[in-house]
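Structure first, commentary second.
Quick note on labels: first sequence line is chain A, next is B, and so on, each numbered from 1. Note: hydrogens, waters and symmetry copies are ignored here, and every other heavy atom, side chains too, is used.
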Amino acid sequence: MHERYDPAAVEAQARAHWEAADAFAASEDPSRPKYYCLCMFPYPSGRLHMGHVRNYTIGDVLSRFMRKQGYNVLQPMGWDAFGLPAENAAMANGVPPAKWTYDNIAYMKRQLQSLGFALDWKRELATCQPEYYRWNQWLFLRMLEKGIAYKKTGVVNWDPVDQTVLANEQVIDGRGWRTGAPVEKREIPMYYLRITDYSQDLLDALDTLTDWPERVRTMQANWIGKSEGVRVGFPYELEDEHHTLNVFTTRADTLMGVTFCAVAAEHALATYAARDNDKLAAFIEECKKGTAQEAEMAVMEKKGMPTGLFVLHPLTGQKIPVWVGNYVLMTYGEGAVMGVPAHDERDFEFAKKYGLPIAQVIAEDANVYSTDQWAEWYSTKEGICINSGKYDGLGYQHAIDAIAADLSALGLGHKQVQWRLRDWGISRQRYWGCPIPLIHCPKCGDVPVPDKDLPVVLPEGLVPDGSGNPLGKLASFYECKCPRCGADARRETDTMDTFVDSSWYFMRFACPDNANAMVDERANYWMPVDQYIGGIEHAILHLLYSRFWTRVMNDLGLVKEREPFRRLLTQGMVLNDIYSRKTGEGRIQYFNPADVDVQFDAKGTRLGATLRADGKPVEWEGMRTMSKSKNNGVDPQALVGEYGADSIRLFMMFKAPPEDTLEWSDDGVEGASRFMRKLWRVVYEHVSAGPLASSQPPAASSLTSAQRDLRRAAHATLVKVTDDLGRRRIFNTAIAAVMELMNTLGKFEDTTDQGRTVVRETLELVVQMLSPIVPHATHVLWETLGHTDSLMDRAWPKPDPEALVQDSIQVVVQVNGKLRSHINVAASADETQIRETALADPVVQRWMEGKPAKKVIVVKGKLVNVVV
RNA sequence: GCCGGUAUGGCGGAACUGGUAGACGCGACGGACUCAAAAUCCGUUACUCGAAAGGGUGUGUGGGUUCGAUUCCCUCUACCGGCACCA
């Protein structure tokens with residue numbers, strides 16, 4: 001053993017051992033409980049970023065810990081390899097997305113390996129491989145057969161200059177990112193998956209996901225958005241035919257307060273009214289050009305225009321004007337809403353703006369209604385109906401019941417459940433994705449590619465130029481024969497949403513080598529994923545799509561599981577400081593924190609920062625997620641080279657709890673490295689002081705009190721660390737506890753043989769407790785301590801109950817809730833004894849000032865509160 | 001805008017089930033070792049009154065429940081994540 005801790009040498013030694021033993025390969029073993037630990041697979045963007053390192057460290061710590069608990073652990077890794085960045089890189093560098101992607105994968109794989117993750121690389125997969133995505137295509141065809149997949153038009157962002165569809169992130173302030181041209185909405189045919197058929201199932205099953213974070217379940221439930229309300233039909237006549245304008249409302253109790261209806265720009269009624277109304281037609285065009293993003297819709301100015309058409313109130317027969325509103329969503333309900341300005345804030349604003357009448361129909365207690373200004377209580381559900389004829393005096397639910405019943409009798413409405421969840425549009429007008437296996441035949445229509453012709457292979461050499469999908473220009477791809485009639489036909493050139501790729505990869509990891517089936521029995525062995533770990537940003541879409549896809553596979557009899565992820569951990573983001581300077585031209589230049597020196601005052605308060613290169617000040621803009629644009633990224637590889645993987649792992653796990661954001665700090669890494677060196681040195685000094693006289697632990701009765709204290713500290717730490725890693729899944733506190741134990745050990749100066757035996761026991765526990773977090777160094781230290789077995793496979797240690805026994809414990813005493821004194825009582829003391837000891841304490845008596853105790857609260861083993 | 005979350009010393013965080021607020025680490029300050037530096041080690045470090053003993057205040061804001069609130073409830077503020085074509 002070397003005196004100095006040399007991470008590069010230590011890590012190479014440990015890795016060589018694991019590699020020789022093929023230590024991370026997992027195989028199905030029905031005799032042991034399985035544990036499938038999965039981290040969200042990365043997009044191969046080029047280099048690992050710190051978010052990846054954090055994610056995979058958490059997964060690795062849990063995997064290694066569970067392995068030591070006796071589980072048969074699977075921890076695989078793969079690549080979410082299709083997607084937009086590869087096309088952007090291709091445009092920037094002229095390199096085909098395939099080459100860029102595969103190069104990135106090769107580099108990032110080496111990075112992952114250098115961090116010592118216990119990954120089974122034999123199961124590696126990339127979603128851009130035909131062997132993988134053929135099963136996307138195969139399942140899509142099964143969905144078509146079952147009617148789960150279908151075709152309808154959808155709205156996309158259209159760049160009129162580049163003649164191409166843009167992703168939301170390519171639209172900046174309503175303009176195309178490359179051309180700067182105002183983006184238009186355009187309707188095109190697309191394929192959709194009927195996730196809405198599963199709404200109730202996806203919602204109900206959230207209750208079974210008890211090991212998911214509550215907030216993720218809440219977000220999913222809100223996303224699915226079940227709302228129970230009433231469908232109301234407003235009758236009207238058009239060209240001598242009877243029609244009804246149908247709206248959905250959760251506030252049918254306010255039906256008598258309707259003063260207008262509003263329809264979406266795409267609604268048939270709007271189209272009809274615009275035929276001989278140029279102004280309206282222009283307004284509708286304007287609405288259609290606007291954003292398709294919900295977030296922008298919500299903050300934009302509410303605008304409307306009357307259609308000149310009227311519908312009849314279903315209960316009163318009153319004429320109600322119909323407006324077109326830019327805030328009405330064609331995709332929710334039936335693209336029309338009823339306007340009750342008196343009791344809906346949005347309608348209120350709309351009515352004020354356009355001078356529409358406001359009719360109060362709900363009253364609450366003594367509150368006075370004024371049409372001058374909106375007040376919170378106007379939208380209350382606690383009030384009663386007024387100005388509503390026969391419904392006057394009814395409360396929210398009774399009014400809805402009565403009105404729904406009357407509407408039903410008239411055939412103009414009924415109670416209805418409405419969902420916010422929309423079907424999943426999977427068509428993307430992009431090159432670097434999984435081809436949708438369809439052929440468009442002029443005679444037969446849309447014909448599925450026969451299973452025997454799968455996969456439809458994506459040609460790999462193309463380089464997109466930003467003007468549409470290159471597949472649409474590649475005759476050798478799109479020219480084909482109709483599989484049904486043999487006529488000349490055109491292959492579909494849209495590819496699938498990359499969320500399809502990531503909706504089932506976790507099942508393929510069980511059997512990545514099966515060329516004949518999507519999944520096999522091995523998926524039933526490993527599924528469900530016991531622990532899934534990934535960013536909170538995936539809380540809704542990826543997780544919901546995966547839950548849906550797994551259900552479809554279950555319905556098709558492909559897998560036994562219906563819920564893919566038993567337990568979920570959503571890790572927080574990794575942030576770093578942002579430093580900038582305004583340049584002469586009013587632009588902002590960003591500097592990497594590694595190139596900046598920070599100045600502190602005598603108290604340690606941050607005073608300012610200067611750029612190391614020129615010594616001049618730079619502005620601190622706070623902390624944000626690491627990104628290229630803010631130049632605040634940290635390269636994991638450079639750090640591994642400087643400090644070793646173990647120090648990086650230790651820092652990441654120590655700095656913050658896994659679910660919180662993590663603020664990067666170079667000093668923190670330095671601190672972690674310092675701890676590693678200290679651990680190394682302490683073991684080195686212990687071992688070089690010579691072998692112990694006896695390998696037997698000393699009898700408890702012969703221990704000195706200092707020896708007993710150290711043993712108790714060591715075993716109490718083991719109890720805490722076991723609980724933190726196993727039950728709480730919180731690592732920073734576990735590491736802090738081990739650090740504390742090391743501090744205690746540092747103060748233990750007993751060099752007798754018996755004292756050194758206790759030191760040895762403590763060090764062995766420390767090495768074992770840290771082994772999931774810093775596996776390389778502990779692997780070598782374990783050998784140094786004289787062991788020949790591989791630490792990775794050694795069972796997790798068990799605390800010695802005898803070491804934990806305490807004779808007396810300290811109890812705090814409060815007087816009137818304020819901490820005043822400490823008392824020592826026997827560990828076996830009962831409540832009465834504790835109370836009497838507390839009341840007899842001179843400090844307590846002084847604070848009681850001779851007054852009698854009104855009440856004495858005793859919390860056993862902790863606290864006494866005397867109330868006078 | 002809607003949905004979800006977060007807020008504790010100079011900083012990251014701890015306090016797990018309502019029971020000693022600030023564990024552990026970073027930074028800062030003082031000291032030891034050294035020709036010197038690095039490394040290492042020791043000590044101090046929420047604010048405040050006090051020579052000390054000891055006291056007071058304090059967990060984003062304002063209120064509430066309780067013997068007792070960082071923890072539970074309500075209000076407000078600031079920041080972060082998602083909003084369906086970034087992954």
Does B:G12 have OP1 or OP2 under 4.0 Å away from a side-chain N or O of A:Lys655? no
Interatomic distance at P, B:G62 relative to B:G9, whole Å: 15 Å
5'-most contact on RNA chain B: A:Glu294 or A:Met219, nearest heavy atom basis? A:Met219
Expected label for B:G9 (glycosidic angle, syn inside 90° of 0, else anti) would be syn
So, is A:Arg728 close to the B:A15 phosphate, meaning a side-chain N or O under 4.0 Å from OP1 or OP2? yes
Between B:C79 and B:A14, how far apart are the two C1' atoms, rounded to whole Å? 22 Å
Tell me whether the OP1 or OP2 atom of B:C67 has a side-chain N or O from A:Asn816 closer than 4.0 Å. no
Would the base of B:C67 count as contacting A:Asn865 through its side chain, where contact means a donor and an acceptor less than 3.5 Å apart? yes
Can you tell me, in whole Å, how much space there is between the C1' of B:C47 and that of B:C86? 46 Å
Atom pair CD1 (A:Ile834) and CD1 (A:Ile823), whose distance is rounded to the nearest 0.5 Å: 7.0 Å
What is the separation between atom CD on A:Gln814 and atom C1' on B:A21, rounded to the nearest whole Å? 12 Å
Side-chain N or O of A:Arg428 less than 4.0 angstrom from OP1 or OP2 on B:C85? yes
Whom does B:U71 pair with, Watson-Crick or G-U wobble, provided both distances fall under 3.5 Å? none
Please report the distance separating the P of B:G55 from the corresponding atom of B:U61, rounded so that it comes out in whole Å. 26 Å
Residue A:Thr218, side-chain heavy atoms: nucleotide from B:C41, B:G4, B:U20 that is nearest: B:G4
Using only modelled atom types and a 3.5 angstrom limit, is any donor from either the side chain of A:Glu670 or the base of B:C26 paired with an acceptor on the other? no
Interatomic distance at C1', B:C35 relative to B:C42, whole Å: 23 Å
Where the side chain of A:Phe499 is concerned, which of B:C24, B:G1, B:A87 is the nearest nucleotide? B:A87
Closest listed nucleotide, where the reference is the side chain of A:Glu537 and the choices are B:A87, B:C85, B:G55: B:A87
Would you mind telling me which of B:A84, B:C24, B:G13 lies closest to the side-chain atoms of A:Ala656? B:G13
Could you go through the salt bridge (charged side-chain N to carboxylate O under 4.0 Å, His left out) check for A:Lys353 and A:Glu301 one step at a time? CA-CA 11 Å; A:Lys353 182 168 177 176; A:Glu301 194 190 352; 2.6 Å; yes
A:Pro85 has its side chain closest, among B:C85, B:C86, B:C24, to B:C86
Which of B:C86, B:C24, B:G19 is nearest the side chain of A:Leu84? It is B:C86
Hey, is the side chain of A:Asn732 poking within less than 4.0 Å of OP1 or OP2 on B:G12, counting only N and O atoms? no
Can you check whether A:Asn88 has a side-chain N or O nearer than 4.0 Å to OP1 or OP2 of B:C86? no
Spell out yes or no: do the side chain of A:Arg624 and the base of B:C80 have one donor N/O and one acceptor N/O closer than 3.5 Å? no
Could you walk me through whether A:Phe350 and A:Tyr327 satisfy the ring-ring contact (aromatic ring centres under 6.0 Å, His included) test, starting with their C-alpha distance in whole Å, then the side-chain angles of each, then the deciding distance to 0.1 Å, before giving a yes or no? CA-CA 10 Å; A:Phe350 195 81; A:Tyr327 63 95; 5.4 Å; yes
Atom-pair distance (NZ on A:Lys855; C1' on B:G19), nearest Å: 14 Å
Give a yes/no answer on whether the side chain of A:Trp212 brings an N or O atom under 4.0 Å of OP1 or OP2 in B:G4. no
Can you check the A:Met623 CE to B:A7 C1' distance for me, whole Å? 16 Å
Answer yes or no: does a side-chain N or O of A:Arg674 lie under 4.0 Å from OP1 or OP2 of B:C26? yes
Start with the C-alpha distance between A:Leu166 and A:Trp158, add both sets of side-chain angles, then the distance that settles side-chain contact (heavy atoms from CB on, under 4.5 Å), and finish with yes or no. CA-CA 6 Å; A:Leu166 299 177; A:Trp158 179 255; over 6 Å; no
C1' atom, B:U20 versus B:C73: distance in rounded Å? 25 Å
Would you kindly give the CD-to-C1' distance between A:Glu740 and B:G13, to the nearest whole Å? 14 Å
Pairwise P distance, B:G22 and B:G81 [rounded to whole Å]: 33 Å
Counting side-chain heavy atoms from CB outward, which of B:G81, B:A84, B:C3 is closest to A:Arg420? B:A84
Atom CG of A:Asn469 to atom C1' of B:C85: distance rounded to whole Å? 14 Å
Under 4.0 Å: is that the gap between some side-chain N or O of A:Lys818 and OP1 or OP2 of B:G54? no
Phosphate-side-chain proximity, A:Thr733 and B:A14, N/O vs OP1/OP2 below 4.0 Å: no
Gap between atom OH of A:Tyr43 and atom CG of A:Asp501 - 0.5 Å precision: 11.0 Å
Can you identify which nucleotide, out of B:G4, B:C16, B:C83, has its nearest atom closest to the A:Asn222 side chain? B:G4
Does any nucleotide pair with B:A36 by Watson-Crick or G-U wobble geometry, both distances under 3.5 Å, and what is it? none
Between B:C49 and B:U40, how far apart are the C1' atoms? Round to whole Å, please. 39 Å
Partner nucleotide, any strand, of B:C11 [Watson-Crick/G-U, under 3.5 Å]: B:G25
Do any side-chain nitrogens or oxygens of A:Arg677 fall under 4.0 Å of OP1 or OP2 in B:A39? no
Can you tell me the Watson-Crick or wobble partner of B:C83, both distances under 3.5 angstrom? B:G1
Compare the minimum distances between each of B:C85, B:G55, B:C24 and the side chain of A:Ala736, then state the nucleotide with the smallest one. B:C24
If only atom types and distance count, is the side chain of A:Asp497 paired as donor or acceptor with the main-chain N or O of A:Phe499 below 3.5 Å? yes
Rounding to a whole Å, what distance do you find between A:Ile809:CD1 and B:G19:P? 16 Å
Reported CG-to-CD1 distance for the pair A:Leu202 and A:Ile195, which is rounded to 0.5 angstrom: 5.5 Å
Round to the nearest Å and state the distance from A:Asn743 atom CG to B:A14 atom P. 19 Å
Identify the residue among A:Phe675, A:Tyr643, A:Trp664 that makes a ring-ring contact (aromatic ring centres under 6.0 Å, His included) with A:Phe651. A:Trp664
Are A:Leu650 and A:Asp646 packed together at the side-chain level, in the sense that at least one heavy-atom pair is separated by less than 4.5 angstrom? no
For B:A51, the nucleotide meeting Watson-Crick or G-U wobble distances (both under 3.5 Å) is none
